[in-house]
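Here's the structure, in structure tokens; my notes come after.
The analysis underlying the following values was restricted to heavy atoms, covering all of them including side chains, and did not include hydrogens, waters or symmetry mates.
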Number of protein chains: 2
Amino acid sequence: MKTTAEPSSFIQPTIGGPGAQLVASLSLAIHEHRLKPGTKLGEDELSDIYSVSRTVVRSALQALSHSELVELKRNRGAFVSQPTVREAREVFEARALLEPRTARSAAERMTEDALARLKAHLEAEHAAIAAGEAGKALRLSGQFHIEISHIADQTTIAGFIERLVARSSLIIALYWKRQSALCEKHAHHALVEALARGQGADAEDLMKSHLLDIVTALDLRDSPAPSVDLRDILKP
Amino acid sequence: MKTTAEPSSFIQPTIGGPGAQLVASLSLAIHEHRLKPGTKLGEDELSDIYSVSRTVVRSALQALSHSELVELKRNRGAFVSQPTVREAREVFEARALLEPRTARSAAERMTEDALARLKAHLEAEHAAIAAGEAGKALRLSGQFHIEISHIADQTTIAGFIERLVARSSLIIALYWKRQSALCEKHAHHALVEALARGQGADAEDLMKSHLLDIVTALDLRDSPAPSVDLRDILKP
DNA sequence: GTGCACATGATTGTATACAATACCGCCGGA
DNA sequence: TCCGGCGGTATTGTATACAATCATGTGCAC
């Protein structure tokens, strides 16, 4: 393991523009499942709440739509995204393609500094679970994967994983089957162990099976989408 | 090979909002290297050219910044992105991770319809090269990869590849070494052959070596970035 | 001649006003 | 009773005006 404490490159990609505060706040609420998929995000409503003009609200909503967290429907408004079963499958296929390899890279590029951050993060996860803060626990659980991708020092891939994790949060909100969030805890712990020892192959395998566990805990049968809008299918 | 002609899912992800025309036009110009990296895109300038208000121009620039084609600097304006050497390497590492596997999937899901489109595309590439339209040829060359990813029927991954191809265009504009674009032609032809025969493993290998060829045709030595702004490094 | 301070001009960030479009309840006719 | 047209209301799309910030060039002090 390297011991150099290179500064962590936590540059939010392209999200620093106008309405950053708003983007962050909404993003947080969505990740913590306080805003559920399908919720309408009215512009006037948000501009009232945050005391900014609709201009910046629109800007923020646009940013979120590019992260695929909200869906913009022309002349109808912004809604928290509702990934379909098909999209859900795709997201986890993509994660299966990217994350195991990234975990391996992370193990190889592990630093003392990063390990400390990772352990602290794990601690925070446990604390949130213990405190019964389900939303916060879920968000941290997702962010754990993002942390790892950042350690791998591939900001481009990390950006993709960030998007995938975000969508995963929505997917979990829609399709979660069991309520056992405990498996997460152990899986993450085991991953940190492997990463700490620089065991890349182990980390890769652990990540792969961890992702598989998540997918199998989802109910992705071809059900008629939760609440589809015929307009979105039968476009004139 | 399947023969069902399922409708191609060419849904532009989240890019249908305001200023779509503008986004398309600018995107085209960037892909064809008519707008070079570092070029400033003034808001008034664009609003004059396209006869729309600055509101929609800003919206379009924001969209492009989320695609990482342009960089938005607060209070200083929008510029066509200048990927660094490091970012260039990351982009092609990501492509190496995603595209070969995707090519394999494409081979497995090939349809008569898709094959026809692919061949037509190849023809267009040849025509552009023959006509000496270097910019157009380059753009089509990139779009070829996107077509394949769409055939693989993984819209999420296809979206990532689309972004990577876009960045690749900028990278090529900055770091291209040789001027032999002919290799592309043969590589793409070979790929289509493999895809047509449903030879997934071959397609995967061909894509891998094709991407490697592109990278080796780049000059990615650690050079002092083309024209950096000290402000971007020494942030107070 | 060099370096700093300030004023001026240009460009972006934000807010507001108006126009276009879609949603929803009502009403009339079959 | 059900379907289709119609108008009011609400919400989004676009344009414009004003405020804040940054770039540039001049002049003065050293």
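Here the side chain of A:E43 pairs no donor or acceptor atom with the backbone of A:R54 at under 3.5 angstrom.
Under the 4.5 Å side-chain criterion, counting only non-hydrogen atoms from C-beta, B:P83 is not in contact with B:V91. Proximity of A:S27 to A:L69: side-chain heavy atoms (C-beta onward) are separated by under 4.5 Å at one or more points. B:L220 has its side chain out of reach of B:R86: every pair of non-hydrogen atoms, C-beta onward, lies at least 4.5 Å apart. The side-chain heavy atoms of A:V70 and A:L26, taken from C-beta on, include no pair separated by under 4.5 Å.
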Atom pairs under 3.5 Å, N or O on each side, protein against nucleotides 19-21 of chain D: can you list them with distances?
from	atom 1	to	atom 2	distance (Å)
D:dT21	O3'	B:N75	ND2	3.3

Interface polar pairs with nucleotides 15-19 of chain C, N/O, under 3.5 angstrom:
from	atom 1	to	atom 2	distance (Å)
C:dA15	OP2	A:S53	N	3.0
C:dA15	OP2	A:S53	OG	3.0
C:dA15	N7	A:T55	OG1	2.9

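Residues passing the side chain to side chain donor-acceptor pair (under 3.5 Å) test with A:H33, sequence neighbours excluded: A:S169. In terms of the side chain to side chain donor-acceptor pair (under 3.5 Å) criterion, residue partners of B:Q154 (sequence neighbours excluded) are, by chain and number, A:E93. Under the side chain to side chain donor-acceptor pair (under 3.5 Å) criterion, A:S25 pairs with A:Y50, not counting sequence neighbours.
End-to-end axis angle of the helix from C:dG1-D:dC30 to C:dA30-D:dT1, using five pairs per end and rounding to 10°, comes to 10°.
An OP1 or OP2 oxygen of C:dG13 is reached within less than 4.0 angstrom by a side-chain nitrogen or oxygen of B:R58.
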